[in-house]
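Chain A is the first sequence line, chain B the second, and so forth, proteins listed ahead of strands; every chain is numbered from 1.
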Amino acid sequence: MEGNYGCYSDKTRVLDIKPLRTLKPVFPSGNQAPPFVCAPPFGPFPSGFSPFYPFSSSQVNQQAPDLNQSQHPPQHQPQYTPQHQPQNPPQNAPKPSVVTPLKSFGSTDNTSNDDVEPEGSTLKRKTPKKRRPENANFESGISVAGKENGYRELVMDVLMRFDALRRRFAQLEDAKEASSGIIKRPDLKAGSNCMSSGVRTNTKKRHGIVPGVEIGDIYFFRFEMCLVGLHSPSMAGIDYLVVKGEAEEEPIATSIVSSGLYDNNDGDNPDVLIYTGQGGGNAEKDKQSSDQKLERGNLALEKSMKRNSAVRVIRGLRENSHSVKIYVYDGLYDIKESWVEKGKSGHNTFKYKLVRVPGQPPAFATWTAIKKWKAGLPSRQGLILPDITAGVESIAVSLVNEVDADNGPAYFTYSTTVKYSESFRLTQPSIGCDCGNTCKPGNLNCHCIKKNGGDFPYIGNGVLVSRKPMIYECSPSCPCSTCKSKVTQIGLKVRLEIFKTANRGWGLRSWDPIRAGSFICIYAGEAKDKSKVQQTMANDDYTFDTTRVSTPFKWNYEPGLAEEDASVEMSEEPDLPLPLIISAKNVGNVARFMNHTCSPNVFWQPVTYESNSQLVLHVAFFAISHIPPMTELTYDYGVSRPSGTQNGNPLYGKKKCFCGSQYCRGSFG
DNA sequence: GATTACTCATGGGG
DNA sequence: CCCCCATGAGTAAT
């Protein structure tokens, strides 16, 4: 386990972000070992492998292709053992030491200046940095090397910071009086904020794999892909790069975004995409006013096809006309054919047939499979029970085992609620609000909003804006029937399944994508005041204990706040009025199946509201980052506080951790 | 180096 | 419910 700790401290140096608390990894990144060996980047390829780097560009730093970047596909889970951690550091470790010869790697005090380039660096941009007054108060804390070449933790950090800003802008916008005619675009605001303050990575445009971006990753805004270097145009669908050809420079496509609405799939095959070229008015919407020309993106796709140069494909999906558009990074595709077609308006349109490079972990294919499961056509493989809640939840929760013969977890009673023991008494029930049928986010007279420090805790779509020591929701007894603050009181919103993991018993994951900040579930069970309970009964497998110590992490960001000013920010860490333990051994909900990892994608947040003149205290789970379908949901269980203090030293839990994360503490519970 | 062109996402209103 | 449209950002091209 020392290895892991050593690893951790190295990471902190590599990441080069000033406040240590921002270093928290937020995603169970690809720690699974690759099930196969990587093909060489150049030269002839054995069958079954595909040329990811069919031409040599200026990117001498490009890492060898790692097809197994993704952690999502259940197919790869059998590979998942803790032993892989030490065996595979190069696969999953942050890449800067490989990508760019960073002299400062390993030194301890390289956290002070992101403008100073490490000596010996091969980076080209050596211009002494100009002062940009408008940005003077911003410091992203991301090094020059990190901005040029990303790695998993940095990519996740950039995305987390973008979304934190976006949520905050949306919250501020919600609180304003609705002025008509003004289009609110918190995504653009947050995006330019990140751009100007250097919260971005992979700025060096590249072909092929983008370090730190994994196949299957999902995005809710174009800007997100822009900030992590997956697809840089803020609107255009084709991104390209100009490279030196034999005679002259020519454009090569790097990535495309398919709008999803107008591009045709080739029948049912998720590995094929027919893509429409750009230009000529609006070809996709049949509003074309002129012929498309073989230039820019269209030319780039043509040249890429000639060179057998694969492009990244991002598929835009909309589940139904009511839901938001989601972008799924589906890996690399080869351009197999191109032709010209007359659009409905009679003008010429370029069409490209793209076929997915084989051997990549499934991403979009997972979505199409889930769609079928939902329709019930072929039922879910390994399905044991279609709904383990027996209708208690409004959305079914299936029980699945594709791993072994185990046909279910031990018996328990499914309940969506928390049952409080007699000894549990929260005094002084506070009054609710007297708003009308809805609480307006900007209304500072609302009692419930006041309790949250004046901010409405959620934005319109129910996404949590910031972590807080405590969130106060409106009560069932408040008059605001349509109030948007009762997020954790209305049950599940995503389609979950309980599945058998390879080495951690049963786990929880979702068929639906989950946006960062979305409510997932509460921890249901039998709640007790820990101070009034025998020590012995506090720590079985199905106990939530609010006094356990988790690794602190930073999820909230304020626009324009320099890192130095971060100390004025309020603490994010939970603060409860009493130590609470919830036992889900006999009675519980889906939360009892959520496993621990040291790099979680879910956090818990105390929420309280009043009900029948009593305070209800809940442990509610929210997504840290966007979570693609079929990704296991995990949170940091923390470790029990030892009787003696261990100043500064890591605390050790009672159970050995198998999460396999680079940041694994080695134990938990 | 500064300005224009290009692209079409996004969300609100009709 | 669907369609239309104003606004807008980053980057390539000029």
Any Y333(A) side-chain heavy atom under 4.5 Å of I256(A) side chain: no
Interatomic distance where CD belongs to Q278(A) and P belongs to dC6(B) [whole Å]: 11 Å
Identity of whatever pairs with dC1(C) - Watson-Crick or G-U, under 3.5 angstrom: none
Under 4.0 angstrom between Y327(A) side-chain N/O and dT10(B) OP1 or OP2: yes
Atom pair distance, as rounded to whole Å: CG in D187(A) and C1' in dG10(C): 14 Å
Distance, rounded to the nearest Å, where E295(A) contributes CD and dT7(B) contributes P: 7 Å
Cation-pi, W555(A) ring and R161(A) (6.0 angstrom, 45 degrees): no
N/O (side chain, K205(A)) to phosphate O (OP1/OP2, dT11(C)) under 4.0 Å: no
Sugar-phosphate, base or nothing in reach of D239(A), heavy atoms under 4.0 Å: nothing
Distance-only polar pair, side chains of N348(A) and K342(A), donor-acceptor under 3.5 Å: yes
side-chain hydrogen bond (donor to acceptor under 3.5 Å, both in side chains) between K353(A) and S338(A), worked out: CA-CA 6 Å; K353(A) 180 181 180 182; S338(A) 75; over 6 Å; no
Selection from dC6(B), dT10(B), dG10(C) that lies nearest to any side-chain heavy atom of F221(A): dT10(B)
Atom NZ of K374(A): over 12 foreign heavy atoms under 6.0 Å: yes
Nearest-Å distance for atom pair NE2/P, residues H231(A) and dG10(C): 14 Å
Spacing of I256(A) atom CD1 relative to dT7(B) atom P, expressed in whole Å: 16 Å
Side-chain N,O (R185(A)) to OP1/OP2 (dT10(B)) below 4.0 Å: no
Rounded distance (Å) that lies between atom C1' of dG11(B) and atom CZ of R222(A): 16 Å
Atom pair distance, as rounded to whole Å: CD1 in I326(A) and C1' in dT10(B): 15 Å
K325(A), nearest nucleotide to its side chain (from dG10(C), dA13(C), dT10(B)): dT10(B)
Whole-Å distance separating the CE atom of M225(A) from the C1' atom of dT7(B): 14 Å
Below 4.0 Å: OP1/OP2 of dG10(C) and any side-chain N or O of Y240(A): no
